[in-house]
Amino acid sequence: DAGVIQSPRHEVTEMGQEVTLRCKPISGHNSLFWYRQTMMRGLELLIYFNNNVPIDDSGMPEDRFSAKMPNASFSTLKIQPSEPRDSAVYFCASSSSGGVTEAFFGQGTRLTVV
Amino acid sequence: KNQVEQSPQSLIILEGKNCTLQCNYTVSPFSNLRWYKQDTGRGPVSLTIMTFSENTKSNGRYTATLDADTKQSSLHITASQLSDSASYICVVSAYNNNDMRFGAGTRLTVKP
């Protein structure tokens, strides 16, 4: 398995533009997580899905952020409109639910909003 | 207040030396504790996962300990190598696998 695949690896966009980050979880995993990492705040959970259903989105900063998981093999995190303070590395992770299982992280998308 | 506190914030050691990283948590009820290694520009990679009943778990030169009574964990690295230079993140889960609380990490630099 290729692991968790995120795209793009790097994104530079202008303030006000829409940004869409993509994630393909490991096949067979039914939990998917979106995280944001900054120097100031470290890793923060934004939202997680279980069996394609959003379970907890309390970490989503504001209405400008939205996430979808239309099927078990794909998820998106959208920011509209983007702002400079959204600049961060966004990670997607997946795991199997039930018991104590390992969460596998993607390589991340480095977002820069100018 | 962060429920997972790590110390030190950063550490510099010479190649071949040992070191110990600390993690204190207040997450309750406790389910499991993980140590992740994150290389610069990469995603975190799991080193160990420990549940309530486990006191020690090793993964090569990495040994993690857990004291669930005092809510403390440590990660000991033996005979450090240059490739150990990374951030080490302590993650504690409550209730179930999905509620992971992250520490701020310890930035380890191993110098030749």
Side-chain angles (χ1 to χ4, degrees), chain A residues 2-7 9-10 21 23-26 29-59 69 88-112, chain B residues 1-10 21 23 25 27 29-54 57 59 62 64 66 68 73 86-108:
Chain A
V4 176
I5 300 174
Q6 292 185 246
S7 64
R9 288 296 310 278
H10 303 274
L21 312 182
C23 175
K24 178 178 172 15
I26 292 174
H29 283 184
N30 52 7
S31 292
L32 183 141
F33 311 80
W34 281 101
Y35 293 91
R36 177 172 66 179
Q37 187 175 39
T38 61
M39 287 292 292
M40 291 296 294
R41 301 174 68 91
L43 270 162
E44 300 173 283
L45 177 66
L46 299 177
I47 185 172
Y48 78 85
F49 295 84
N50 197 43
N51 294 323
N52 311 339
V53 176
I55 303 300
D56 182 358
D57 65 354
S58 59
M69 193 165 185
V89 181
Y90 291 81
F91 286 102
C92 175
S94 71
S95 72
S96 303
S97 60
V100 178
T101 59
E102 184 174 339
F104 293 85
F105 284 76
Q107 298 287 16
T109 293
R110 180 173 293 278
L111 174 64
T112 303
Chain B
K1 185 182 187 319
N2 196 357
Q3 296 184 30
V4 181
E5 301 286 346
Q6 291 187 241
S7 62
Q9 188 174 24
S10 62
L21 315 179
C23 174
Y25 63 92
V27 177
F30 173 83
S31 172
N32 61 83
L33 183 147
R34 309 155 193 257
W35 283 95
Y36 281 89
K37 177 186 179 187
Q38 185 176 20
D39 293 310
T40 301
R42 310 292 294 270
V45 174
S46 179
L47 295 175
T48 64
I49 304 174
M50 288 190 292
T51 58
F52 183 88
S53 60
E54 296 175 295
K57 183 167 279 190
N59 178 1
Y62 300 102
L66 172 65
S73 176
S87 288
Y88 292 83
I89 304 171
C90 176
V91 184
V92 183
S93 293
Y95 295 111
N96 57 52
N97 191 49
N98 295 329
D99 187 14
M100 296 192 289
R101 308 296 173 94
F102 287 78
T106 293
R107 178 69 202 175
L108 174 66

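Below, chains carry the letters A, B, ... as their sequence lines are ordered, and counting in each starts from 1. What you see below is based on every heavy atom in this structure, not just the backbone, and it leaves out hydrogens, waters and symmetry mates.
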- [ ] Grab the two heavy atoms, one from A:Glu102 and one from B:Arg34, that are nearest each other, plus how far apart they are.
- [x] CA-NH1, 3.6 Å

- [ ] With a 4.5 angstrom heavy-atom cut-off, could you sort out which part of B:Thr51 is near chain A: side chain, backbone, both or neither?
- [x] side chain

TODO: Can you tell which part of A:Arg9 gets under 4.5 Å to a heavy atom of chain B, answering side chain, backbone, both or neither?
DONE: side chain

TODO: Work out which heavy atom in A:Phe91 is nearest to a heavy atom in B:Gln38; give both atom names and the distance.
DONE: CZ-NE2, 3.3 Å

- [ ] Heavy-atom pairs under 4.5 Å with chain A are the metric here; pick the option from B:Gly105, B:Gly43, B:Ser87 that has the most.
- [x] B:Gly43

TODO: Would you indicate whether A:Arg110, at its atom CZ, is surrounded by more than 12 heavy atoms from other residues, nucleotides or ligands within a distance under 6.0 Å?
DONE: no

Task: Part of A:Gln37 within contact of chain B (heavy atom distance under 4.5 Å) - done: side chain

